[in-house]
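Predicted model only: the values in this text are computed from it and were never measured. Positions are given from 1, in the same order as the sequence printed here.
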Amino acid sequence: MTGKELLYVEDALGHEEYFQTRCDEIAAQISDSDLRETTEKMKRQHQQIFSSFINLLN
């Protein structure tokens with residue numbers, strides 16, 4: 001993998017971590033249980049994407 005490709009992967013991992021953090025922050029502020037559950041589901045999806053990236057690198 002080239003240096004530029006590694007930078008793209010690093011960037012993608014950073015975005016997935018950011019999305020997880022934002023979903024946590026937003027879910028903590030939502031009072032509607034259905035909407036909070038949807039936000040938490042989005043967080044789990046981003047965790048899975050992050051894990052998939054990591055598994056591809058191993």
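Under the rule for a side chain to side chain donor-acceptor pair (under 3.5 Å), the partners of Thr2 that lie at least two apart in sequence or sit in another chain are Glu5. Considering only residues two or more places apart in sequence or on other chains, Leu56 meets the side-chain contact (heavy atoms from CB on, under 4.5 Å) condition with none of them. Listed by chain and residue number, His46 satisfy the ring-ring contact (aromatic ring centres under 6.0 Å, His included) test with Phe19 (two or more places apart in sequence, or in another chain). For Glu25, the salt bridge (Lys or Arg N to Asp or Glu O under 4.0 Å) criterion is met by Arg22, not counting sequence neighbours. Take Gln48 and apply the side-chain contact (heavy atoms from CB on, under 4.5 Å) test, not counting sequence neighbours, and it matches no residue.
With rounding to the nearest 0.5 Å, the separation of CD in Gln47 from OG in Ser52 is 11.5 Å.
In Glu17, the CD atom is crowded: over 12 heavy atoms of neighbouring residues, nucleotides or ligands sit closer than 6.0 Å.
Here salt bridge (Lys or Arg N to Asp or Glu O under 4.0 Å) pairs that include residues 34-55, with residues two or more places apart or in two chains, are Asp24-Lys43.
Applying the under-4.5 Å side-chain rule to Ile, Leu, Val, Met, Phe, Trp and Tyr, the cluster around Val9 extends to Met1, Leu6, Leu13, Ile49, Phe50, Phe53, Ile54, Leu57. Applying the under-4.5 Å side-chain rule to Ile, Leu, Val, Met, Phe, Trp and Tyr, the cluster around Ile26 extends to Ile30, Leu35.
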